[in-house]
Colleague: 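Sharing a structure here in structure tokens format.
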Amino acid sequence: MADPKYKVLFERRNQMLKKNEELYNLTRDSYIGGSAYNPSKYLIKNNTELEPQAVYNFRCELASYSNHVEPLLNIIIGAVYKQPPDRSNVPEFLSYVEKDIYKGKGIDLFMLNIALQSQLYPVAILIDSPKLSSPLTRAERILYNLNPYAVVYKYNEIRDFSIDTKGELLWILLDNTYIDNSDPMKEETEIVTYTLWTKTQAISFTKVMNGTDKEYTVRVDTVDHNLGIVPIVLSGFNNLDNDSLQSSPFQNIALSSKKIYNVGSMIDCSLFNGTFQLLVYPGKAPDALVESYGSVAIIEFQADSSITPHFIKSGLDEIEPYITEIKRQEKSIYHQLGFKDPESEAVQYDSGKMKTVEFALKTQNILHNIAINLQFIENSIYKICAKYDQEDIDPKIIYDTKFTEENITEIKTDLDELFKIYPYENLRKETAKVRSKLTLADKIDDNTLDTIYKDIDSTEIQEATTVTTIQE
């Protein structure tokens with residue numbers, strides 16, 4: 001039986017991280033996209049009576065995620081790194097940091113990785129050192145290439161921590177749990193290990209199971225580092241102090257993307273239903289119906305439902321409000337980055353250059369804050385590395401924190417180009433074509449129908465004023 005104090009340790013979880021874990025999962029998956037953006041997690045299901053499970057499953061199959069977070073974040077971070085940091089004051093004995101600080105990568109690629117991650121969720125950057133039986137001299141360390149290195153812990157691997165009134169870490173508990181599959185003749189095993197870092201030690205606590213899922217003892221391993229600091233830098237924690245309550249704009253962009261994803265699912269369903277008549281049938285559909293409509297045209301669900309058999313309404317006439325809502329969410333994304341959307345922004349030009357940009361100050365602040373944060377992180381990394389050589393240094397690494405009107409204009413141009421990938425104007429026109437074909441195809445010849453299509457393509461389709469919102 002483990003000591004009760006270990007039970008407390010293994011159950012510790014920072015309340016802020018626990019409260020926001022669902023949001024951090026969303027921003028992470030929104031950036032990755034693809035299979036990480038699973039419809040079963042992010043496609044909202046309506047009331048069961050209004051949307052049977054089979055209909056929801058059908059929507060999941062149709063759902064397509066348009067990734068706004070990844071390209072937008074890349075644009076912003078690209079602007080921050082357009083001018084490389086000044087590292088001219090870094091001491092020579094720390095030159096290895098620039099070449100290899102994280103898995104064979106130098107500080108430039110590592111900081112770019114941190115810049116991206118810390119806009120999505122909190123991370124802890126541990127500067128660890130090779131475990132040695134006896135200390136090495138600096139010359140020996142350089143000779144054998146046994147240098148300090150970085151390890152990144154994401155939000156779900158940070159169990160808990162404590163900071164003092166200066167914002168400095170007193171201790172932090174990290175999750176080093178891993179899967180042991182070293183023996184091919186045995187089943188793989190989860191090894192639960194938490195490591196407590198203090199200003200003088202790294203203490204690992206490993207669960208040793210006693211043949212049951214609940215009974216365990218704890219193996220404790222202690223390594224002294226005696227740095228006088230916790231060798232970890234936190235990033236992406238926007239609410240650690242009372243002066244900073246604002247979340248990353250990309251967390252809000254991820255929420256807008258989720259709404260666009262859900263509204264887009266409704267559009268996909270409406271387009272599909274407008275092209276194919278779908279029969280909703282409780283229980284197993286009779287063979288005669290299957291033969292008449294084809295199996296793809298019938299959605300079967302629980303037989304005891306109170307819903308009677310019916311055809312799903314076409315819905316093509318109802319698409320416009322959904323597109324309006326998507327455009328509203330796109331405007332919100334523009335605003336998060338400090339811009340008004342292209343349709344409402346009054347832009348003045350002087351010799352081909354943008355003279356004024358709406359909300360430019362907000363965009364400059366976003367870039368400035370990211371640069372200042374990265375500058376602090378990188379300086380802290382170099383300071384901790386120097387601590388392993390018993391040195392106290394001020395590396396004076398400087399990031400460019402001043403962003404001009406030209407920088408903002410370039411970002412705005414990239415943003416406008418990006419949103420051309422999401423052609424909802426074209427979608428409205430394609431919807432009009434589908435509606436025309438359904439209602440007129442048996443009444444007019446193909447040449448007349450082609451003429452109608454050309455008229456649709458050359459017409460500006462007005463946006464509906466009705467807005468449909470998603471309730472979460």
Side-chain angles (χ1 to χ4, degrees), residues 1-29 102-103 113-114 117-129 131 148-180 188-210 213-225 227-241 244 247-248 251 373 377 380-381 384:
M1 175 71 70
D3 190 311
K5 67 183 179 184
Y6 295 130
K7 184 175 185 294
V8 173
L9 182 137
F10 282 111
E11 291 179 354
R12 288 197 77 96
R13 185 65 171 132
N14 180 272
Q15 290 304 304
M16 183 180 67
L17 291 173
K18 181 178 180 180
K19 176 182 177 182
N20 291 295
E21 187 159 3
E22 188 174 330
L23 174 60
Y24 301 148
N25 289 339
L26 171 64
T27 53
R28 177 200 62 200
D29 294 344
Y102 178 73
K103 297 181 179 180
N113 184 1
I114 294 301
Q117 289 195 59
S118 47
Q119 286 300 304
L120 301 172
Y121 44 73
V123 295
I125 305 158
L126 165 67
I127 305 301
D128 202 353
S129 181
K131 304 299 185 292
Y149 55 90
V151 182
V152 180
Y153 290 83
K154 296 180 176 63
Y155 61 97
N156 55 326
E157 298 167 321
I158 305 169
R159 297 302 303 176
D160 204 357
F161 58 88
S162 179
I163 58 174
D164 61 20
T165 55
K166 298 178 182 178
E168 296 178 356
L169 279 169
L170 296 172
W171 57 264
I172 188 168
L173 184 66
L174 301 174
D175 187 348
N176 285 311
T177 298
Y178 65 98
I179 300 297
D180 180 9
E188 60 182 26
T189 306
E190 182 182 60
I191 307 299
V192 178
T193 302
Y194 289 179
T195 304
L196 176 65
W197 284 85
T198 70
K199 292 186 178 184
T200 58
Q201 294 180 318
I203 311 168
S204 294
F205 303 88
T206 303
K207 283 186 177 181
V208 180
M209 308 309 295
N210 296 332
D213 292 336
K214 296 182 179 180
E215 295 294 323
Y216 63 89
T217 56
V218 177
R219 187 180 73 245
V220 181
D221 300 295
T222 302
V223 175
D224 295 329
H225 61 73
L227 297 176
I229 60 170
V230 180
I232 287 171
V233 189
L234 298 179
S235 183
F237 288 84
N238 298 299
N239 337 1
L240 273 181
D241 56 74
S244 179
S247 62
S248 162
Q251 293 171 357
N373 182 55
I377 292 170
S380 299
I381 288 172
I384 296 172

Colleague: side-chain hydrogen bond (donor to acceptor under 3.5 Å, both in side chains) with Y155: which residues, sequence neighbours excluded?
Modeller: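 Testing Y155 for side-chain hydrogen bond (donor to acceptor under 3.5 Å, both in side chains), a comparison that skips the adjacent residues, returns N25, R28.
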Colleague: On a heavy-atom basis, which atom in G236 and which in P122 lie closest, and how many Å separate them?
Modeller: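 What the structure gives for the nearest pair is O-CG, 3.7 Å.
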Colleague: For residues 169-180, which residue pairs qualify under salt bridge (charged side-chain N to carboxylate O under 4.0 Å, His left out), counting only residues two or more places apart or in two chains?
Modeller: none
Colleague: Atom CD1 of I232 and atom OG of S380: how far apart are they, to the nearest 0.5 Å?
Modeller: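 Going from CD1 on I232 over to OG on S380, the span is 12.5 Å.
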Colleague: Quick one: side-chain contact (heavy atoms from CB on, under 4.5 Å) partners of K19, sequence neighbours excluded?
Modeller: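 So K19 forms no side-chain contact (heavy atoms from CB on, under 4.5 Å) with any residue.
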Colleague: Does atom CD of E168 have more than 12 heavy-atom neighbours, drawn from other residues, nucleotides or ligands, at distances under 6.0 Å?
Modeller: yes
Colleague: Under the salt bridge (Lys or Arg N to Asp or Glu O under 4.0 Å) rule, collect the residues that match up with E11, sequence neighbours excluded.
Modeller: K7
Colleague: Going by ring-ring contact (aromatic ring centres under 6.0 Å, His included), name the residues that satisfy it together with Y194, two or more places apart in sequence or in a different chain.
Modeller: F10
Colleague: How would you list, by chain and number, every residue that makes a side-chain contact (heavy atoms from CB on, under 4.5 Å) with V152, sequence neighbours excluded?
Modeller: Y102, F110, I114, Q117, V123
Colleague: Quick check against the 3.5 Å criterion: does R159 have a side-chain atom that pairs as donor or acceptor with the backbone of L174?
Modeller: no
Colleague: Closer than 3.5 angstrom, by distance alone: can the side chain of T177 be matched with the main-chain N or O of V192 as a donor-acceptor pair?
Modeller: no
Colleague: Go through the steps to decide whether V218 and F205 satisfy the test side chain to side chain contact (heavy atoms under 4.5 Å, CB included), and finish with yes or no.
Modeller: CA-CA 6 Å; V218 177; F205 303 88; 4.0 Å; yes
Colleague: Flag the pair I127 / I381 as yes when at least one side-chain heavy-atom distance between them is below 4.5 Å, and no otherwise.
Modeller: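 Yes, close enough: below the 4.5 Å cut-off.
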Colleague: Starting at NZ of K207, measure out to CZ of R219 and round the result to the nearest 0.5 Å.
Modeller: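 Answer for the NZ-CZ pair, K207 versus R219, is 14.0 Å.
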Colleague: Test of understanding: with salt bridge (Lys or Arg N to Asp or Glu O under 4.0 Å), list the residues that count as partners of E157, not counting sequence neighbours.
Modeller: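 Expected list: none.
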Colleague: State the CD-OH distance between Q251 and Y24, to the nearest 0.5 angstrom.
Modeller: 6.0 Å
Colleague: Among residues at least two apart in sequence or on other chains, which ones pass side-chain contact (heavy atoms from CB on, under 4.5 Å) with Q201?
Modeller: T198, I203, T222, D224
Colleague: What distance separates E190 CD from M209 CE, expressed to the nearest 0.5 Å?
Modeller: 9.5 Å
Colleague: What I'd like to find out is whether the side chain of L126 reaches to under 4.5 Å of the side chain of P231, using heavy atoms alone.
Modeller: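 Answer yes - side chains close enough.
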Colleague: Salt bridge (Lys or Arg N to Asp or Glu O under 4.0 Å) between E21 and R13: does it pass, once the steps are laid out?
Modeller: CA-CA 11 Å; E21 187 159 3; R13 185 65 171 132; 3.3 Å; yes
Colleague: Would you give the length of the straight line joining atom CG of N373 to atom OG of S118, rounded to the nearest 0.5 angstrom?
Modeller: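 Reported to 0.5 Å precision, the distance equals 5.5 Å.
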Colleague: What residues form a side-chain contact (heavy atoms from CB on, under 4.5 Å) with N14, not counting sequence neighbours?
Modeller: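 In terms of side-chain contact (heavy atoms from CB on, under 4.5 Å), with neighbours along the sequence ignored, N14 is linked to M16, L17, D160, F161.
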Colleague: Could you walk me through whether L234 and L169 pass side chain to side chain contact (heavy atoms under 4.5 Å, CB included), step by step?
Modeller: CA-CA 9 Å; L234 298 179; L169 279 169; 4.0 Å; yes
Colleague: Can you tell me how far CD1 of I384 sits from CD1 of I125, rounded to the nearest 0.5 angstrom?
Modeller: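 If I round to the nearest 0.5 Å, the distance is 8.5 Å.
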Colleague: Name all residues meeting the side-chain hydrogen bond (donor to acceptor under 3.5 Å, both in side chains) criterion together with S204; count only those two or more places apart in sequence or in a different chain, and write none if there are none.
Modeller: T195
Colleague: Name all residues meeting the side-chain hydrogen bond (donor to acceptor under 3.5 Å, both in side chains) criterion together with T193; count only those two or more places apart in sequence or in a different chain, and write none if there are none.
Modeller: T206
Colleague: S248 side chain to Q119 main-chain N or O, any donor-acceptor pair under 3.5 Å?
Modeller: yes
Colleague: Which residues pass the side-chain hydrogen bond (donor to acceptor under 3.5 Å, both in side chains) test with Y153, not counting sequence neighbours?
Modeller: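 For Y153, the residues satisfying side-chain hydrogen bond (donor to acceptor under 3.5 Å, both in side chains) (neighbours in sequence not counted) are N176.
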Colleague: Looking at every heavy atom in both I172 and I158, which two are closest together, and how far apart are they?
Modeller: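 Minimum heavy-atom contact is CD1-CG2, 4.1 Å.
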